[in-house]
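First up is the structure itself, then whatever we jot down about it.
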Amino acid sequence: MIPKIGITEDHLQKTNSLLSVILSDEMTLYIKTRKFHWNVAGESFMELHKLFEAQYTQLEAIIDTVAERIGKLGGKTIGTMNEFSLLSRIVEHPNKYPVQNAMLSELLSDHETLITELRKDIDLCTNENHDAGTADMLTAILQQHEAIAWILRRYLS
């Protein structure tokens, strides 16, 4: 059933397509952060192990928020690794196990990519799809990525 919430069916569909890309980005970053959590080693092992756990837990909540928004807008939420990998703007690096600083740098780069893309996505939701609710949700998600990026940047300073 199509929601009657003041957004055209076309705009709902466009927003849901965009949200599927964002969901894919978040899932890819979640999996990468988990991988680093499992494989971090060295002097600051426990500190980074806990940091990555806190970050993937935060990403898990973001993922659920985005997935539920798709449902609220009348869409179906994708849910396979294949679908996520086809849509994600985050690049994976199979069979690579970087050292601590490279892990931090890679995650920082990914969060900064998401921040940049989310800014464009917010503009699209606001100006083209006339969906203030999704734009507001994405703004809150953007702020969470900014906070995570700031923490990662501090480790690398």
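- Atom-to-atom distance recorded for L156:CG and Q100:CD is 11.0 Å, nearest 0.5 angstrom.
- Residues A149 and I115 share a closest heavy-atom pair of CB-CD1, 4.0 Å.
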Inset, instruction - Let me see the working for H37 and L48 under side-chain contact (heavy atoms from CB on, under 4.5 Å), right down to the final yes or no. - result: CA-CA 7 Å; H37 166 78; L48 291 177; over 6 Å; no
Show me, pair by pair, the donor-acceptor contacts under 3.5 angstrom made by side chains of residues 101-110, not counting sequence neighbours?
from: S105; atom 1: OG; to: N101; atom 2: O; distance (Å): 3.0
from: E106; atom 1: OE2; to: K32; atom 2: NZ; distance (Å): 2.8
from: D110; atom 1: OD2; to: K32; atom 2: NZ; distance (Å): 2.6

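- For the pair T139 and L118, the minimum side-chain heavy-atom distance is 4.5 Å or more.
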Report, one line per pair, each donor and acceptor closer than 3.5 Å where one atom sits in a side chain of residues 78-87; sequence neighbours left out.
from: T80; atom 1: OG1; to: E83; atom 2: N; distance (Å): 3.1
from: T80; atom 1: OG1; to: E83; atom 2: OE1; distance (Å): 2.9
from: E83; atom 1: OE1; to: G79; atom 2: N; distance (Å): 3.0
from: E83; atom 1: OE1; to: T80; atom 2: N; distance (Å): 3.0
from: S85; atom 1: OG; to: M81; atom 2: O; distance (Å): 3.3
from: S85; atom 1: OG; to: N82; atom 2: O; distance (Å): 3.0

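- Heavy atoms of other residues, nucleotides or ligands lying less than 6.0 angstrom from CD of E53 number more than 12.
- In this structure, Y56 is a member of the same hydrophobic cluster as F45, with clusters built from ILVMFWY side-chain heavy atoms closer than 4.5 Å.
- The two residues A135 and T126 make their nearest non-hydrogen contact at CB-OG1, 3.3 Å.
- The 12-atom threshold is not exceeded at CD of Q13, counting heavy atoms of other residues, nucleotides or ligands nearer than 6.0 Å.
- Cluster annotation: L18 and I2 are assigned to the same hydrophobic cluster (Ile/Leu/Val/Met/Phe/Trp/Tyr, side-chain heavy-atom contacts under 4.5 Å, transitive).
- A salt bridge links E112 with R153: at least one charged nitrogen is closer than 4.0 Å to a carboxylate oxygen.
- A donor and an acceptor atom, one from each side chain of S24 and S88, are nowhere located under 3.5 Å apart.
- A salt bridge is defined here as a Lys NZ or Arg NE, NH1 or NH2 lying under 4.0 Å from an Asp or Glu carboxylate O, and R119 with D123 fails to meet this definition.
- Annotation: cation-pi geometry not satisfied between K35 and Y30 (NZ/CZ under 6.0 angstrom from ring centroid, within 45° of ring axis).
- Cluster annotation: V66 and I5 are assigned to the same hydrophobic cluster (Ile/Leu/Val/Met/Phe/Trp/Tyr, side-chain heavy-atom contacts under 4.5 Å, transitive).
- Q55 places no side-chain N or O within donor-acceptor distance of the main-chain N or O of T33, the cut-off being under 3.5 Å.
- Under the 4.5 Å side-chain heavy-atom criterion for grouping Ile, Leu, Val, Met, Phe, Trp and Tyr, V99 is not connected to W38 through any hydrophobic cluster.
- Distance check, rounded to the nearest 0.5 Å: CG of L142 to OG1 of T116 gives 9.0 Å.
- Under the 30°/60° scheme for interplanar angles, the aromatic rings of F36 and F52 are found to be tilted.
- Listed by first and then second residue, the ring pair (Phe, Tyr, Trp, His ring centres under 6.0 Å) pairs involving residues 107-157 are H11-H130, H111-H145 (not counting sequence neighbours).
- At a threshold of 4.0 Å, the pair K120-E117 counts as salt-bridged, since one of the basic side-chain nitrogens sits closer than that to a carboxylate oxygen.
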Legend entry - Derivation of the side-chain contact (heavy atoms from CB on, under 4.5 Å) call for L114 and I141: CA-CA 10 Å; L114 286 186; I141 291 170; over 6 Å; no
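- S20 contributes atom OG, which lies 4.0 Å from atom CD1 of I70 (distance to the nearest 0.5 angstrom).
- Here the CG-SG distance, from D136 to C125, works out to 11.0 Å after rounding to the nearest 0.5 Å.
- With a 4.5 Å cut-off on side-chain heavy atoms, T15 and I7 do not count as touching.
- Of the candidates D131, I22, L19, M137 forms a side chain to side chain contact (heavy atoms under 4.5 Å, CB included) with just one, namely L19.
- In summary, the side chains of T134 and R69 do present a donor paired with an acceptor at a separation below 3.5 Å, with no hydrogens or angles considered.
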Inset, instruction - Just do the side-chain contact (heavy atoms from CB on, under 4.5 Å) check on L124 and K14 with the steps written out, would you? - result: CA-CA 10 Å; L124 186 78; K14 287 178 180 177; over 6 Å; no
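- You'll find the side chain of Q144 reaches within 4.5 Å of the side chain of I62, heavy atoms only.
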